Amino acid sequence: MISARELMRCRSYDLTELTNQILHQKRKEIEYEEIRNMYLLSPHLLKLIELTLLDSTYILRIMYELNVIPLALQITNICGNVMTRTLMGGRSERNEYLLLHAFTEKNFIVPDKEYKKKQIVNEGNDDEDLDGTRTQKTQGKRKPAYAGGLVLEPKKGFYDKFILLLDFNSLYPSIIQEYNICFTTVNREAVNKSINSDEGELVDVPDWGLEPGILPTEIRKLVESRRQVKQLMKGDVNQEQYIQILMKTKDTVQAMNLDVIYGDTDSIMINTNCTEYEQVFKIGNRVKAEINKLYRLLEIDIDYVFKSMLLLKKKKYAALSIKKAPDGSLIEEKEMKGLDIVRRDWCDLAKEAGEFVVGQILSGENRELIVETIHSKLIEVGEKVKNNDIPVELYHISKQLTKNPEDYPDKKSLPHVQVAMRFNSKGGRKMKAGDTVAYVVCEDGSALPASQRAYHPDELAKSETLKIDTKYYLANQVHPVIARLCDPIDGTDAAHLAECLGLDPSGYKHAAKQEEMDDDDALLGGVEMSDEEKYKDCNRFKFICPGITCGREIIFDGVFTGAEQFLECTLSKCPNKDCEVQLAGIIDQLVNQLTNDIRQHVRSYYQGWMKCEDTACGMVTRKLPLTFQRGHPICSACNKGILHTQTTDSWLYTQLCFYQHVFDYERAKMKLSDKEQSMANTRLKDYKEHYDILKNVTTKWLRKNAYSEVNLTKLFDGLSVLKTEIKMES
DNA sequence: ATGGTAGGTCCCACCT
DNA sequence: AGGTGGGACCTAC
């Protein structure tokens, strides 16, 4: 059981489940009451003995299948600990032994191990023992000892363009190597002070000149040997092609807007807005190259290319990954993270329905068709449930006991604890901490809340009166799982989904979708945007006509006006009929105006007005607060929200692109009819140089500023956080 | 005594 | 009635 916990993921780790999962055999369970009876007749007793021996062979065969002994031996050889201890689980002891050997070899004397009690958030005397020592009986949340990985707010929604997933390989080990983090190199006093203070002061990274520490050296050995093993396992598949891609990276000169849609700790997801596999790889490799330049050892790499993706929440998404097989064909694979479907505490009925829905959404089919298919599937599920046409196993819900059942202070409303208590009261095998309890929610004639109507599957099987609570399963299992998946999908909503399942839809709001589109999203969104859309938040270029009798405000929205034989250039003359001013003749004034406008925007960008992200607070300030959380300024008004700059670099970038666009003669020409194009090439062609002058003004500003070519901002935001982390923020 | 933090979701008690 | 905070569980990294 312990080894299986370490080596595989499973709903439950009891022998019946493992035998089923690994050996694909059905183990016969004997109920406690039966055992006594089996002693009454010798054939029955023989049967009992036979079953017991069979259990032993199951255990041996499972260990064989999982390679338990060779793997444990390998770990023990590497760490130099005791093999029985390896087999007993517990990871830290293995690390301790590995380091003890490494330090001893270098003639260090290692201090005795200290056992420290961990601080509980809610200070109080309630779990103080008689002798005054603090116990950890109340496993209330501890205050985290240090800050963990940053998780970017995802740009939720469904994507059908290729998504790149890049991640740092073995981030923490690499950080340790990159910055030479070791017990021997880090200022331990400062670390302890930092841990014990509430402020979480930062500790400096070790000086660059120091000798490599023991920890980084050991980690390098481990990472190297792991890399070798991986290489051996991979064989020579794909290598040639891999290198070739790498070589062509330089060719991708085209400036691109990298749209970072999500990231968790050591990874970044980029919407490439692209539908060509090879092209996606080029983009990915460019990013990779940019980032890897920054570090000595830290290395980012392309992990996945997703063909379509449903991004729901932090740590919750589904995607269709594609890989090239050795024969060149593309292999698709579903990748699901965090969704209810991958959790064991939802019943299979809900999970299977959810799996179907995810499959549909990712299929890339026509949206209306998908919605229709989902609806009819739900109608089918609803009817099957009502007609008792569902195998009872699909209703099983599993939850693990984290304490022994009797140790829960509030067991009344924890279904799995109640079921375990009843099970234990029968005598025989006792369910205890770490066991997984299966239960079903039943109608039992009482009016109690669902959480108090949970029964062991055996109780349901034996009872005449208990019945599956079908409404609970439709409303509280299937519906929420499906509704969450469909949230970003247009054409359906919680109420409609409920209706399909045969539930009363009035309780579910026909609410608008949860759309969290901010300016950034609009700018970089997943769909290819029209120019109007892309530049909708931009300031237009306005100019007051200097004509003595005119003074008209002229708005430049493009190069050409009118159509066909009446086609004109916006620079030819003032739009005021009675005004004779030739705009192309006063190009210097226009250049001045444009330069001023751009300066204004750049200034406002550097002035750095910030706004609190908490809309309830809404604080606007230029004063940088004194408190930071992982590199982000915290609003001093509400002490909660993160302050964001109002004129963002991406906005400024778009604004400059907009000016460029307005004066782009060649590009505007492409959109004209054939007849108009020929006019643009003849009668109007002299205006081109005037537009070019204005266009070049903006191009110069775009070049001048770092935010121009590639929008890596978010990405580097993430990276700077990583840098902060290695300063061991407490 | 027996790796960690971040984060979503459900449920209940408690408050306004 | 509706918000909030904490416990419990499970997952991502």
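Here the structure is a predicted model, which means the values were calculated and not measured. Below, chain A is the first sequence line, B the second, and so on; all start at residue 1.
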Asker: Answer yes or no: does a side-chain N or O of A/Lys403 lie under 4.0 Å from OP1 or OP2 of C/dA8?
Answerer: yes
Asker: With a 6.0 Å cut-off (strictly less than), is the heavy-atom count around CE of A/Met88, excluding the residue itself, greater than 12?
Answerer: no
Asker: It should be established whether A/Ser451 places a side-chain nitrogen or oxygen under 4.0 Å from OP1 or OP2 of nucleotide B/dC12.
Answerer: yes
Asker: With heavy atoms under 4.0 Å as the rule, sort A/Arg94 into base, sugar-phosphate or nothing.
Answerer: nothing
Asker: Please work out which of the three classes, parallel, tilted or perpendicular, describes the rings of A/Phe306 and A/Tyr317, given edges at 30° and 60°.
Answerer: tilted
Asker: Closer than 4.0 Å, any side-chain N/O of A/Tyr408 to the OP1 or OP2 of C/dC9?
Answerer: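 Answer is yes, contact under 4.0 Å.
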Asker: Please measure how far the C1' atom in C/dA12 lies from the corresponding atom in B/dG3, and state the result in whole Å.
Answerer: 16 Å
Asker: Counting only side-chain N and O atoms of A/Arg9, is one of them less than 4.0 Å from OP1 or OP2 of C/dT11?
Answerer: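 For C/dT11, OP1 or OP2 has a side-chain N or O of A/Arg9 closer than 4.0 Å.
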Asker: Run the salt-bridge test on A/Lys337 and A/Asp264 with the 4.0 Å N-O cut-off and return the result as yes or no.
Answerer: no
Asker: Quickly work out the A/Met269 CE to C/dA12 P distance and round it to whole Å.
Answerer: 12 Å
Asker: Figure out the CD/C1' separation between A/Gln477 and C/dC9, and round it to whole Å.
Answerer: 14 Å
Asker: Please report the distance, rounded to the nearest Å, between CG in A/Asn476 and C1' in B/dC11.
Answerer: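 The distance from CG of A/Asn476 to C1' of B/dC11 comes to 11 Å, rounded to the nearest Å.
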Asker: I need the minimum non-hydrogen distance between A/Cys10 and A/Leu18, along with the two atoms involved.
Answerer: SG-CD2, 4.1 Å
Asker: Of all the choices, B/dT2, B/dC10, C/dC13, which nucleotide is nearest to the side chain of A/Asp266 once you look at every atom?
Answerer: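 So the side chain of A/Asp266 is nearest to C/dC13.
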Asker: Side-chain N or O of A/Arg343 versus OP1/OP2 of C/dT11: is the shortest distance under 4.0 Å?
Answerer: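 False: A/Arg343 side-chain N/O out of range (4.0 Å or more) of C/dT11 OP1/OP2.
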Asker: One thing to verify: whether A/Asp348 and A/Lys351 come together as a salt bridge, which I'm taking to mean a side-chain N less than 4.0 angstrom from a carboxylate O.
Answerer: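 Salt bridge present between A/Lys351 and A/Asp348.
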Asker: Separation of A/Tyr97 atom OH from B/dG3 atom P, in whole Å?
Answerer: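 From A/Tyr97 OH to B/dG3 P: 14 Å.
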Asker: In whole angstrom, what separates A/Leu311's CG from B/dG7's P?
Answerer: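 Computing the A/Leu311:CG to B/dG7:P distance gives 15 Å.
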Asker: Kindly point out which of C/dA8, B/dT5, B/dC12 is positioned nearest to the side chain of A/Pro449?
Answerer: B/dC12
Asker: Using the ring of A/Tyr408 (Phe, Tyr or Trp, six-membered ring only), decide whether A/Lys403 places NZ or CZ under 6.0 Å from its centre and within 45 degrees of its axis.
Answerer: yes
Asker: If only side-chain N and O atoms of A/Lys314 are considered, is one of them under 4.0 Å from the OP1 or OP2 phosphate oxygen of B/dG7?
Answerer: yes
Asker: Contact class for A/Tyr317 (heavy atom, under 4.0 Å): base, sugar-phosphate, or nothing?
Answerer: sugar-phosphate
Asker: Phosphate oxygens OP1/OP2 of C/dC13: is one of them under 4.0 Å from a side-chain N or O of A/Thr265?
Answerer: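 So the side chain of A/Thr265 is outside the cut-off, no N or O lying under 4.0 Å from OP1 or OP2 of C/dC13.
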Asker: Report the distance from atom CG of A/Leu171 to atom P of B/dT5, rounded to the nearest whole Å.
Answerer: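 About 16 Å, once rounded to whole Å.
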Asker: Any idea which of C/dA8, C/dC10, C/dA12 is nearest the A/His416 side chain?
Answerer: C/dA8
Asker: What is the distance, rounded to the nearest whole Å, between atom OH of A/Tyr146 and atom P of B/dG3?
Answerer: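 So the OH-P distance, A/Tyr146 to B/dG3, works out to 13 Å.
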Asker: Quick check on C/dC13: is either OP1 or OP2 less than 4.0 Å from any side-chain nitrogen or oxygen of A/Lys337?
Answerer: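 Checking A/Lys337 against C/dC13: at least one side-chain N or O falls below 4.0 Å of OP1 or OP2.
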Asker: Between B/dG7, B/dT9, C/dA8, which nucleotide gets closest to the side-chain atoms of A/Lys313?
Answerer: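 From the listed options, B/dT9 comes nearest.
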Asker: Starting at atom CG of A/Leu312, determine the distance to atom C1' of B/dG7, rounded to an integer number of angstrom.
Answerer: 14 Å
